[in-house]
Student: 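Sending over a structure as structure tokens; questions will come in a sec.
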Amino acid sequence: MMIVLKKIKRNNDKEFKIWRNNVREGLKEIREGYGYLSIKGDRQTLTVYPKTQEEARGIKMIANNYAIPYTVHS
């Protein structure tokens with residue numbers, strides 16, 4: 001299973017800045033909480049490879065709390 005979390009591009013719009021800060025904090029929480037998992041990232045995405053369904057559910061829950069756009073690939 002693979003979860004791809006999308007980062008938000010920089011923009012001068014005030015709402016995008018707030019959303020970008022929320023996404024940044026959510027990604028930081030995922031890195032700290034699930035740092036033992038395989039995590040790969042680049043400029044636009046952060047890819048997490050959870051081993052169990054419980055870990056995947058926890059990552060999805062954090063992503064939903066911080067409004068991080070994500071896609072799940074099996």
Student: For Q53, what residues pass the side chain to side chain contact (heavy atoms under 4.5 Å, CB included) criterion, not counting sequence neighbours?
Tutor: M1, R57

Student: For the pair N65 and E29, evaluate side chain to side chain contact (heavy atoms under 4.5 Å, CB included) and give the outcome as yes or no after the intermediate values.
Tutor: CA-CA 11 Å; N65 287 343; E29 184 175 329; over 6 Å; no

Student: Which distance, rounded to the nearest 0.5 Å, do you find between the OH of Y36 and the NZ of K51?
Tutor: 8.0 Å

Student: Measuring from atom CE of M61 to atom CD1 of I30, what distance do you get when rounded to the nearest 0.5 angstrom?
Tutor: 11.0 Å

Student: Show, in sequence, the C-alpha distance, side-chain angles and deciding distance for Y66 and L27, and conclude whether the side chain to side chain contact (heavy atoms under 4.5 Å, CB included) test is met.
Tutor: CA-CA 9 Å; Y66 285 97; L27 294 176; over 6 Å; no

Student: Can you tell me how far apart CD1 (I39) and OH (Y49) are? Round to the nearest 0.5 Å.
Tutor: 11.0 Å

Student: With side chains defined as the heavy atoms from C-beta onward, is the minimum distance between I59 and L37 less than 4.5 Å?
Tutor: yes

Student: Specify the closest pair of heavy atoms between P50 and I3, including all atoms of both residues, with the distance to one decimal.
Tutor: CG-CD1, 4.0 Å

Student: Show your working on side chain to side chain contact (heavy atoms under 4.5 Å, CB included) between Y34 and V48 and close with a plain yes or no.
Tutor: CA-CA 9 Å; Y34 297 97; V48 182; 5.5 Å; no

Student: For residues P69 and W19, report the shortest heavy-atom separation together with the two atoms involved.
Tutor: CD-CZ2, 4.1 Å

Student: Of all the heavy-atom pairs spanning Y70 and A63, show the shortest one and how long it is.
Tutor: CD2-CB, 3.7 Å

Student: Less than 4.5 Å apart, any side-chain heavy atom of V23 and any of K6?
Tutor: no

Student: If you measure from CZ on R31 to NZ on K28, what distance do you get to the nearest 0.5 Å?
Tutor: 10.0 Å

Student: Which residue pairs pass the side chain to side chain donor-acceptor pair (under 3.5 Å) test when at least one of the two sits in residues 37-47, sequence neighbours left out?
Tutor: D42-T45

Student: Output the distance between atom CG (L46) and atom CD1 (I68), rounded to the nearest 0.5 Å.
Tutor: 8.5 Å

